[in-house]
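In what follows, a structure is listed as structure tokens, so that the remarks can point back to it.
Position 1 is the first residue of the sequence, and the numbers go up from there. For the numbers below, each heavy atom of this structure counts, side chains included, while hydrogens, waters and symmetry mates do not. Every value quoted in this text rests on a predicted model; they were computed, and no experiment measured them.
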Amino acid sequence: MTPEQIEQAAAWLANYRRRGEAAPLLPAELRPTSLAEAFAIQQWLFIELDWPVIGWKAGLPGPDKWVLAPIANLQQGELCLFEQHSEQYSIEPELAFLLARDLPARAEPYSEAEIKAAIAATHLALELIIRPYQADAGAEFFDQLAAGLFNQGLYIGPAIATDSIPHHFELELDYAGQPQQFAAQHPNLDPLLPLYWLVNHLSAQGIGLKQGQWVITGSYAGVVQVPANTKLKLQFGSFGQISTLCRHQAVIS
């Protein structure tokens with residue numbers, strides 16, 4: 001893809017995000033055909049929308065798969081706001097790591113000890129999920145990577161001790177008096193592993209992480225569907241609780 005095509009693809013996706021709508025598939029000449037093209041479109045999407053990078057989502061990579069996307073929207077408190085109007089919303093229960101200092105891009109890889117030492121705090125969190133493309137669009141992984149891998153934002157809950165990060169616990173979701181239990185387990189067992197990969201992968205791309213940014217590294221219970229306009233309570237084992245209400249409101253212009 002040419003630089004002009006990458007910018008055009010980002011503008012196409014940005015137009016639908018501004019309107020809170022799922023997009024049709026990109027025109028054939030603007031669809032990414034490699035990880036590098038998809039990542040370039042993803043970065044231009046944030047430039048096109050003039051969004052701040054307040055953090056990153058990450059997962060361990062696979063063959064022809066980079067699991068990473070910047071996060072622009074940070075939320076806390078009684079409401080959990082979504083761009084797209086729906087009768088139910090998708091969330092992912094996660095941990096969010098807050099960085100205490102910059103981790104600038106450099107030639108030498110960061111050690112796990114250096115990265116772990118840069119964590120200022122660990123919080124219970126929810127990744128807020130959107131549908132970037134229309135359900136019947138036929139979007140594939142490169143398309144989804146270009147659009148930000150379903151991320152709309154991050155909801156921050158209470159802090160937990162960084163030295164006792166859970167690998168698994170019982171998650172209870174309760175709304176309208178209908179509790180549900182999940183045997184919650186991180187997909188990589190150790191939730192720090194995607195953080196270690198992210199820091200060094202971005203560094204190799206010439207991108208550093210900054211003090212005050214958040215990183216999430218994977219859901220403990222996959223995608224969880226919750227109703228709109230209903231008070232939710234999520235109990236993360238003995239580690240703490242998130243109470244909020246999901247509803248529609250465009251929060252990024």
Side-chain angles (χ1 to χ4, degrees), residues 13-25 45-46 49 51-52 54-57 59 67 69-96 123-139 143-144 146-158 169-184 186-187 214 216-237 239-253:
L13 295 170
N15 183 45
Y16 287 92
R17 280 297 291 269
R18 290 190 189 99
R19 301 204 305 256
E21 298 177 7
L25 199 62
L45 176 60
F46 268 57
L49 289 167
W51 286 353
I54 61 92
W56 291 83
K57 67 173 290 181
V67 183
I71 300 171
N73 175 18
L74 186 70
Q75 301 184 32
Q76 289 178 286
E78 296 181 357
L79 295 178
C80 191
L81 304 175
F82 282 79
E83 300 170 26
Q84 297 174 344
H85 186 273
S86 179
E87 294 183 357
Q88 66 176 11
Y89 291 108
S90 299
I91 58 175
E92 294 190 354
E94 307 206 17
L95 297 182
H123 285 247
L124 306 181
L126 303 175
E127 182 180 2
L128 310 183
I129 304 297
I130 60 166
R131 187 177 65 205
Y133 297 97
Q134 295 169 3
D136 59 353
D143 303 302
Q144 300 291 5
L149 288 181
F150 308 99
N151 181 271
Q152 184 221 270
L154 176 61
Y155 179 96
I156 296 295
F169 54 87
E170 182 171 303
L171 175 73
E172 181 172 288
L173 167 64
D174 191 357
Y175 57 84
Q178 301 177 16
Q180 303 174 47
Q181 282 79 34
F182 301 84
H186 193 273
W214 298 85
I216 53 175
T217 62
S219 174
Y220 279 81
V223 177
V224 178
Q225 303 292 327
V226 297
N229 302 311
T230 302
K231 189 73 172 180
L232 312 173
K233 182 175 71 175
L234 293 101
Q235 183 68 41
F236 289 66
F239 297 95
Q241 181 184 107
I242 287 177
S243 295
T244 190
L245 181 148
C246 297
R247 76 177 192 193
H248 170 250
Q249 180 178 324
V251 293
I252 304 178
S253 60

(request) Using atom types as modelled and distance alone, determine if a side-chain donor or acceptor of Gln249 lies under 3.5 Å from a backbone N or O of Phe82. (result) no
(request) With the side chain counted from C-beta on, respond yes when Leu95 and Leu124 share a heavy-atom pair under 4.5 Å apart, and no when they do not. (result) yes
(request) Could you tell me whether a side-chain N or O of Tyr155 sits under 3.5 Å from a main-chain N or O of Gly77, the two making a donor and an acceptor? (result) yes
(request) Drop me the distance from Gln235's CD to Gln181's CD, to the nearest 0.5 angstrom. (result) 11.0 Å
(request) Give a yes or no on whether the ring-centroid distance for Phe169 and Tyr220 is below 6.0 angstrom. (result) yes
(request) Taking the side chain as every heavy atom from C-beta outward, state whether Ile242 and Pro158 have any pair of such atoms under 4.5 Å apart. (result) yes
(request) State, to 0.1 Å, how close Leu81 and Gln75 come at their nearest heavy-atom pair, and which atoms those are. (result) N-OE1, 2.6 Å
(request) State, to 0.1 Å, how close Lys231 and Tyr175 come at their nearest heavy-atom pair, and which atoms those are. (result) O-CB, 3.4 Å
(request) Kindly indicate whether the side chain of Lys233, heavy atoms from C-beta on, has any atom under 4.5 Å from the side chain of Leu173. (result) no
(message) Is it true that Ser90 and Gln225 share a donor-acceptor pair across their side chains at a distance under 3.5 Å?
(response) yes
(request) With the side chain counted from C-beta on, respond yes when Ile91 and Ile129 share a heavy-atom pair under 4.5 Å apart, and no when they do not. (result) no
(request) Compare every heavy atom of Asn151 with every heavy atom of Gly153, then report the nearest pair and how far apart it is. (result) N-OD1, 3.2 Å
(request) For Gln88, look at atom CD and say whether over 12 heavy atoms of other residues, nucleotides or ligands are found less than 6.0 Å away. (result) yes
(message) Give me the atom names and distance for the closest heavy-atom approach of Ala23 to Ala137.
(response) O-CB, 4.4 Å
(request) For the pair Ser219 (side chain) and Glu94 (backbone), establish whether a donor and an acceptor sit closer than 3.5 Å, ignoring hydrogens and angles. (result) no
(request) Could you tell me the separation between the CG atom of Leu49 and the CG atom of Asn15, rounded to the nearest 0.5 Å? (result) 9.5 Å
(message) Could you tell me if the side chain of Trp51 sits less than 4.5 Å from the side chain of Arg17, heavy atoms only?
(response) yes
(message) Within the 4.5 Å heavy-atom criterion, are Phe150 and Glu92 side-chain neighbours or not?
(response) no
(message) Tell me if a side-chain donor or acceptor on His248 pairs with a main-chain N or O of Glu83 at a distance below 3.5 Å.
(response) yes
(request) With the side chain counted from C-beta on, respond yes when Val224 and Val226 share a heavy-atom pair under 4.5 Å apart, and no when they do not. (result) yes
(request) Compare every heavy atom of Ala96 with every heavy atom of Ala125, then report the nearest pair and how far apart it is. (result) CB-CB, 3.7 Å
(request) Give a yes or no on whether the backbone of Thr217 and the side-chain of His186 come within a donor-acceptor separation of less than 3.5 Å. (result) yes
(request) Please list, chain by chain and in numerical order, all residues satisfying ring-ring contact (aromatic ring centres under 6.0 Å, His included) with Phe239, sequence neighbours excluded. (result) none
(message) With a 4.5 Å cut-off on side-chain heavy atoms, are Tyr133 and Leu13 touching?
(response) yes
(request) Identify the two heavy atoms, one from Leu171 and one from Ala184, that lie closest to each other, and give their separation to 0.1 Å. (result) CB-CB, 3.9 Å
(message) Between Tyr89 and Cys80 (side chain of the first, backbone of the second, donor and acceptor by atom type, cut-off under 3.5 Å), is there such a pair?
(response) no
(message) Rounded at 0.5 Å granularity, tell me how far CD in Gln84 sits from CD1 in Ile130.
(response) 5.0 Å
(message) Rounded at 0.5 Å granularity, tell me how far CG in Asp174 sits from CG in Leu232.
(response) 9.5 Å
(message) Nearest 0.5 Å, please: how far is CG in Leu154 from CG in Asn73?
(response) 8.5 Å
(message) Donor-acceptor check, side chain of Glu127 to backbone of Ile216, threshold 3.5 angstrom: yes or no?
(response) no
(request) Measure the spacing between CD of Glu172 and CZ of Phe182 and express it to the nearest 0.5 Å. (result) 10.0 Å
